[in-house]
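Accompanying notes for the structure given below.
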Number of protein chains: 2
Amino acid sequence: MTDADTVRQTRTASHGWYIQRLARQLDLWMAEELAAFDLTHGQFAILMMVIECDGQTQAGIGQRFAMPPYAISRAIDGLETRGLVTRAPHPGSRRAHLVRATDAGRALAPDLAAVVARVNARLTAGLSPERATDFLDMLQTTLSRATQDGCS
Amino acid sequence: MTDADTVRQTRTASHGWYIQRLARQLDLWMAEELAAFDLTHGQFAILMMVIECDGQTQAGIGQRFAMPPYAISRAIDGLETRGLVTRAPHPGSRRAHLVRATDAGRALAPDLAAVVARVNARLTAGLSPERATDFLDMLQTTLSRATQDGCS
DNA sequence: GCTATTTTGTTGCAATTGCAAATATTGCAA
DNA sequence: TTGCAATATTTGCAATTGCAACAAAATAGC
């Protein structure tokens, strides 16, 4: 077998290859959608998370995303400037903050959920509903080994 | 239903969410592996592609990856400097180049394939072989709507 | 044959990212 | 109680990225 064959076989049998490609496509689609809200992908993700789980610390958010602390910090800078979230004092520690969605932030929830739904529909357009559900299940299984779920 | 519920439901039902998270995890794992070869993720991807399909133009490579031209250009700069690929003249056009793997580049094929195999094993560790195959099939289906496959 | 347009690839510069150090606070242990 | 390690977050600076302009070559229209 030639090197080309080896490599081709490796690639076409590689989940990672397709996941990376899909992720890039998703980034593109999300960027399209988020332009209307003037949110970066990171800000969007954090805002969604904060609406879902109000009053988390930045470290808590980071853990959930596997997003580095400085990225959280800067994304929240932007969201705070735009009045979508606030950094409230943590009751038990003066160095941690509770990140809370403002009313303005929470008001975006339906729109943001719609964005996700649209992108998702686009992504799964080639799969039957049953197969799409199964796909989701596999994604969750694969990821669950590296993450927790639910609020705090 | 509260906004938190809406958002939570949206997220947990979103393929995109999990794909993005998985992609980030993969990036981390790949970075770990590629440190040994001193290759960026982009250089790795292009080198693999060039070994698989020798003598493509940069535009051809870019199309296959959905990678922007300047990223290709700079990644190949790095690979060329390190003697892993060359820019050969295109027979029919003086502005296009044929990107070819050198012997040194091709020599990395087994190692690079092994990297992919290891990362992939890690990724699918939670799935049975049958389910892993099915998962791969779904990824291909989902992506195929946006890509071509094979050489030239 | 001559100009306009498109294709192919590169590059300057500004924005973004990421590391590593700094800041501030907390807890622990001698 | 004091000093030392750990935690939570921010920030300076260097590396990377991405846009948009550029250059060069090929193609098309006149």
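Numbered from 1 within each chain, the chains take letters A, B, ... in sequence-line order. Heavy-atom basis, side chains included; hydrogens, waters and symmetry copies ignored.
When each of A/P68 and A/G92 is assigned the nucleotide of DNA chain C bearing its nearest heavy atom, the one mapping closer to the 5' terminus is A/P68.
Between B/E32 and B/R122, at least one side-chain nitrogen of the basic residue sits less than 4.0 Å from a carboxylate oxygen of the acidic one, meeting the salt-bridge criterion. By the 4.0 Å N-to-carboxylate-O rule, A/R131 lies too far from A/D137 to be salt-bridged with it.
Atom CE of A/M67 and atom P of C/dG18 are 10 Å apart (whole Å). Remark: P of C/dT23 and CZ of A/R94 are 18 Å apart, rounded to the nearest angstrom.
Remark: D/dA26 base-pairs with C/dT5; criterion is Watson-Crick or G-U wobble with both hydrogen-bond distances under 3.5 Å.
Residues B/A23 and A/I19 approach most closely at N-CG2, 3.9 Å, considering heavy atoms. B/A113 approaches A/T10 most closely through the heavy-atom pair CB-OG1, 3.4 Å.
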Scan nucleotides 9-17 of chain C nucleotide by nucleotide, 5' to 3', and note B when protein non-hydrogen atoms come under 4.0 Å of the base, S if they reach only the sugar-phosphate, - if neither. SBBB-----
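A donor and an acceptor atom, one from each side chain of A/T2 and A/D5, are located under 3.5 Å apart. Judged purely by distance below 3.5 Å, without hydrogens or angles, the side chains of B/R100 and B/Q56 never pair a donor atom with an acceptor atom.
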